[in-house]
J.: 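First the structure, then my questions, so here it is.
Throughout, protein chains are lettered first and strands after them, A, B, ... in sequence-line order, and every chain is numbered starting at 1. Heavy atoms only: backbone and side chains are in, while hydrogens, waters and symmetry mates are out.
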Protein chains: 2
Amino acid sequence: MSRTPLHPTREQIELPMVLDCLSDPIRMAIVYQLAQQERVSSELCCGDFTALAGKSNLAYHFAKLRECGLMLTRVAGTNRFMRLRREDLDARFPGLLDAVISSAAKDAERLQLMSECETVAAARS
Amino acid sequence: MSRTPLHPTREQIELPMVLDCLSDPIRMAIVYQLAQQERVSSELCCGDFTALAGKSNLAYHFAKLRECGLMLTRVAGTNRFMRLRREDLDARFPGLLDAVISSAAKDAERLQLMSECETVAAARS
DNA sequence: CCCTATGTTCAACGTTTATTGAACTATTGA
DNA sequence: TCAATAGTTCAATAAACGTTGAACATAGGG
């Protein structure tokens, strides 16, 4: 397991890749859950998303989200803690992330997103 | 040529499809150009985009943009006039389209988007 | 009525994508 | 030291995607 995986610099973040990343339902669910987590300022690790897909499939989606600049991965022991690259995204594409998140929230049921209480509860357990 | 092609209703517009549609550089360029055109409140037809791709390839992208609810196609003679579904998109996903357009504008050069004056000039010629 | 202009549709192609399970690596705790 | 935990990597598969050219449909102008 190599330490601290590759992340693009802020300037390297590209709009088409970000939008493509967000167009996948599983990745959208991950981003949405990370966005909810921002409020309690804690991170989530891979294991918190096992409801969404199998382990190896999740690793695939995490890699995409990292490589397109949507999230940051911090290695700690056997865990990888993840959070949104909020500052970089807001600097690069002002208002975009918020618009996407709130659009997703409006369609939470249709998109099969976890509700906020489920997310927080899952994070605490 | 069948009359008035299929458009989804406002409620049928889905976020993942919209984001996926916008993640393609050619479709982004089309949407961007249509957004510029809103300001002079005129429509554009297929022929206005021939700089972006071949005819049949454009038809493919137009179909995608129409089917995901991003644009409206109006048939008039041998022409198809197109415009953004601004009202429906703003109602469904408030702030999203504007954030995407202005994010694209910031990266206009990187995304190889036509500048505003080029767009307007092309529309007038 | 033909000819042209405007777009669509179709089949073909090569590429990329998401998903799976199995094998693997690294870390922690007993 | 051994076993369990957390996550990655790899190979394989099927589906979806973007691009192309040729054929087709439709409308308008001479």
J.: What nucleic acid atoms does A/Leu58 come within less than 4.0 Å of, heavy atoms only: base, sugar-phosphate, or nothing?
T.: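 The residue A/Leu58 makes no contact with any strand.
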J.: Are the charged groups of B/Asp98 and B/Arg86 less than 4.0 angstrom apart, N to O?
T.: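 Counted as a salt bridge, because a side-chain N and a carboxylate O are separated by less than 4.0 Å.
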J.: Round to a whole Å and report the spacing from CG of A/Leu6 to P of D/dT9.
T.: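 In whole Å, D/dT9 P and A/Leu6 CG are 10 Å from each other.
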J.: Ignoring the backbone of A/Lys64, work out which of C/dT17, C/dT19, C/dT8 is nearest its side chain.
T.: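 The closest nucleotide is C/dT17.
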J.: Does a salt bridge link B/Asp88 with B/Arg92, judged by any charged N lying under 4.0 Å from a carboxylate O?
T.: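 Between B/Arg92 and B/Asp88 there is no salt bridge, as every charged N stays at least 4.0 Å from the carboxylate O atoms.
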J.: Rounded off to whole Å, could you give me the CD-to-P distance for the A/Glu43 and D/dG7 pair?
T.: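 Whole-Å distance recorded here is 13 Å.
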J.: In whole Å, what is the span from the CG atom of A/Leu19 to the P atom of D/dC17?
T.: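 Taking CG of A/Leu19 and P of D/dC17, I get 16 Å after rounding.
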J.: Go through C/dT20, D/dA22, D/dT8 for me and flag the one nearest to the B/Ser56 side chain.
T.: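 Of all the options, the side chain of B/Ser56 is nearest to D/dA22.
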J.: Kindly give the heavy-atom pair with the smallest separation between B/Cys68 and B/Pro8, and that separation in Å.
T.: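 Smallest heavy-atom distance, with atoms named: C-CG, 4.2 Å.
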J.: From the options C/dT20, C/dT8, D/dG7, select the nucleotide whose nearest atom is closest to the side chain of B/Arg80.
T.: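 The nucleotide sitting nearest to the side chain is C/dT8.
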J.: Once you apply a heavy-atom cut-off of 4.0 Å, does B/Gly54 come out as touching a base, just sugar-phosphate, or nothing?
T.: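 Nothing: the residue B/Gly54, judged by heavy atoms under 4.0 Å, touches no strand.
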J.: Starting from C1' on D/dA6, measure out to CG on A/Asp48 and report it in whole angstrom.
T.: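 Interatomic distance, CG of A/Asp48 to C1' of D/dA6: 12 Å.
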J.: From the list D/dG18, C/dA26, D/dA27, which nucleotide is the closest neighbour of the side chain of A/Thr78?
T.: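 Ranking D/dG18, C/dA26, D/dA27 by closest atom to the A/Thr78 side chain puts C/dA26 first.
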J.: What integer distance in Å separates A/Asp20:CG from D/dA16:P?
T.: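 After rounding, the gap between these two atoms is 16 Å.
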J.: For C/dT19 and A/His61 - does any side-chain N or O of the residue sit under 4.0 Å from the phosphate oxygens OP1/OP2?
T.: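 The answer is yes; a side-chain N or O of A/His61 sits under 4.0 Å from OP1 or OP2.
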J.: Under 4.0 Å between a side-chain N/O of B/Lys55 and OP1 or OP2 of C/dA5, yes or no?
T.: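 For C/dA5, neither OP1 nor OP2 has a side-chain N or O of B/Lys55 closer than 4.0 Å.
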J.: Output yes when at least one side-chain N/O atom of A/Asn79 is less than 4.0 Å from OP1 or OP2 of D/dG7, else no.
T.: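 Result: yes.
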J.: Applying side-chain contact (heavy atoms from CB on, under 4.5 Å) to A/Leu44 and A/Phe81, what does each step give before you reach the verdict?
T.: CA-CA 5 Å; A/Leu44 290 178; A/Phe81 289 102; over 6 Å; no
J.: Between A/Glu38 and A/Arg83, is there a side-chain N and carboxylate O pair less than 4.0 Å apart?
T.: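 Salt bridge absent between A/Glu38 and A/Arg83.
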J.: Measure the distance from CZ on B/Phe62 to P on D/dC17 and round it to the nearest whole Å.
T.: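 After rounding, the gap between these two atoms is 19 Å.
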J.: Output the single nucleotide from D/dG7, D/dG18, C/dT8 whose closest atom is nearest the side chain of B/Arg27.
T.: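 Within the option list, the nearest is D/dG18.
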